[in-house]
2 protein chains.
Amino acid sequence: MTEKDNKEASKATVLRLPIYLRYLKRIQKEGVSVISSTRLATDISLNPVQVRKDLSSISSGAGKPKVGFKVQELIFEISNFLGYDNTNDAVLVGVGRLGTTLLNYSGFNNYGLNIIAGFDTNSEVIGKTIANKPVYDISELPSIVKKHSIKMGIITVPKENAQKICNLMINSGIVAIWTFSHIHLKIPDNVVIKYEDMGASLALLSNQLRTLLSKK
Amino acid sequence: MTEKDNKEASKATVLRLPIYLRYLKRIQKEGVSVISSTRLATDISLNPVQVRKDLSSISSGAGKPKVGFKVQELIFEISNFLGYDNTNDAVLVGVGRLGTTLLNYSGFNNYGLNIIAGFDTNSEVIGKTIANKPVYDISELPSIVKKHSIKMGIITVPKENAQKICNLMINSGIVAIWTFSHIHLKIPDNVVIKYEDMGASLALLSNQLRTLLSKK
DNA sequence: TAGATTGTTAATCGATTAACAATC
DNA sequence: TAGATTGTTAATCGATTAACAATC
């Protein structure tokens, strides 16, 4: 089932990989070249078996008993698996506060994401350049997406307009959508979507907080 | 085990509740007063049984066969369960781009979160007021947190400083931490933490995108 | 060699979904 | 009444963890 160089990983695993990667990059900087799964797991509060399973599910290189894993190698394998090497170009629609923050955020490079332009309907931002990224009128989206064969779109518009923008993106050829608008979007089967929902995160945290406080 | 008015809900359920809530508020605005779990589930691409289980796990009021659930009632019950009624005051440390965006974001009210102040070490932002929230010198954090009995802290500082800020918060009496810094923080057992990790989200999405593209 | 660490199989845990009786 | 919808029990699925043999 699983072919070489095209391994599958569970959703839960994929969510942990960037955490491993960040950790590995950090210790590499500190001069560490070999790490045991036990140590790695302890340092990020995870189960060592889980770490080993995650690593073995994506990596062909193996760890050495008694020694551990080569940091360099793991960084390479994880980056590779996550596709951080061959960058994803993306467009962002909705250059408001959040959109501007995302355009400005330089850390996305580390995740293989490259936002090439922003789009909006507001003439006050159209024509501006934010962190070297031009802001175009939304009407130019289809041609630019097609021209650069862009597959990923980021939605940071008010929720009332999110579905409209989503449709526009899909019609222009985008097949992966990352949305920060708090509304469920209707999409065809062949499009993938990820809802970024800080409200849900916050709900979980405040729920835990309540449980914590009520225990006292 | 489960007492009245103090129900427990699984982590997965808690993460879905804000989604239900948003949906319910939207349809209420549109004049809908009764909704079936079937319909709700379809509209947000979930399984109806799951929705009913989630609702029954937090709500004492029941749905009526053939009719459905009262929208008003559900909104009340979910808000209540999530604690969106009795607001959580919070402080935010790190008034950079992301911190500023969060201070400006008005939507947190809907989640029962009220950021009362920002803190930083940068004299350029100290003394400013962002969206009616004062920005103080970090040295004032302990006294303000104690004075207002604040339980929640938001960390938006560079990762190098995150642990230091985390410690300061905990020493000042904060027991729930929401961090946007991409680093694992060491905390005592009686503190809850939620890592907001856009990198992980992005990893999942680009992984799905790759799978999608390779299938074609 | 001895023992720390790996990789994997089996057991457990938790969450989702299928099946179905109850009921408005 | 008939049938749509609820609430719950049982079955399934997926992810985590425990147990342990392999090995450097």
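No experiment lies behind these values; they were computed from the predicted model shown.
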- How are the rings of A:His184 and A:Tyr195 set to each other: parallel, tilted or perpendicular (split at 30° and 60°)? parallel
- Counting side-chain heavy atoms from CB outward, which of C:dT23, C:dT5, D:dC24 is closest to B:Pro65? C:dT23
- Task: Mind calculating the distance between CG (B:Leu55) and P (D:dT6) to the nearest angstrom?
- Result: 9 Å
- Message: Quiz question: by atom type and distance under 3.5 Å, do the side chains of A:Thr101 and B:Arg97 form a donor-acceptor pair?
- Response: no
- Message: If you assign each of A:Val49 and A:Val67 to its closest nucleotide in DNA chain C, which residue comes earlier from the 5' end?
- Response: A:Val67
- Side-chain donor/acceptor of A:Ser56 to backbone N/O of A:Lys53, under 3.5 Å: yes
- Message: For a quick check of understanding: with a heavy-atom distance under 4.0 Å over all strands, which category does B:Lys66 fall into, base, sugar-phosphate or nothing?
- Response: base
- Considering just the side-chain nitrogens and oxygens of A:Arg16, establish if one lies under 4.0 Å of OP1 or OP2 belonging to D:dT16. yes
- How long is the line joining CG of A:Leu40 and C1' of C:dA4, in whole Å? 16 Å
- Task: Counting Watson-Crick and G-U wobble pairs only, both distances under 3.5 Å, name the nucleotide matched with C:dA22, or none.
- Result: D:dT5
- Would you mind reading off the distance between B:Leu46 atom CG and C:dT17 atom P, rounded to a whole angstrom? 9 Å
- Query: Taking NZ from A:Lys11 and P from D:dG14, how many angstroms apart are they, rounded to a whole number?
  - Reply: 12 Å
- To the nearest angstrom, the CZ-P distance between A:Arg52 and D:dA18 comes to 12 Å
- Query: For B:Ser37, which contact category applies under a 4.0 Å heavy-atom criterion: base, sugar-phosphate, or nothing?
  - Reply: sugar-phosphate
- Message: Distance check needed: D:dT8 P versus B:Asn47 CG, whole Å only.
- Response: 16 Å
- Any strand: nucleotide that pairs with D:dT16 via Watson-Crick or wobble, under 3.5 Å: C:dA11
- Note on the structure: Residue pair B:Phe69/A:Asp54 against DNA chain D: nearer the 5' end by closest nucleotide is B:Phe69
- Message: OP1 or OP2 of D:dG7 versus the side-chain N and O atoms of B:Ser57: is any pair under 4.0 Å?
- Response: no
- Can you check side-chain contact (heavy atoms from CB on, under 4.5 Å) on B:Ile75 and B:Lys25, steps first, answer last? CA-CA 7 Å; B:Ile75 290 178; B:Lys25 283 187 176 167; 4.1 Å; yes
- Message: Can you tell whether the side chains of B:Arg22 and A:Asp197 come within less than 4.0 Å, N to carboxylate O?
- Response: yes
- Round to a whole Å and report the spacing from NZ of B:Lys53 to C1' of D:dA11. 11 Å
- Query: Rounding to a whole Å, what distance do you find between A:Lys70:NZ and D:dC24:P?
  - Reply: 13 Å
- Note on the structure: Of C:dT6, D:dT16, C:dT17, the nucleotide closest to the side chain of B:Gln50 is C:dT17
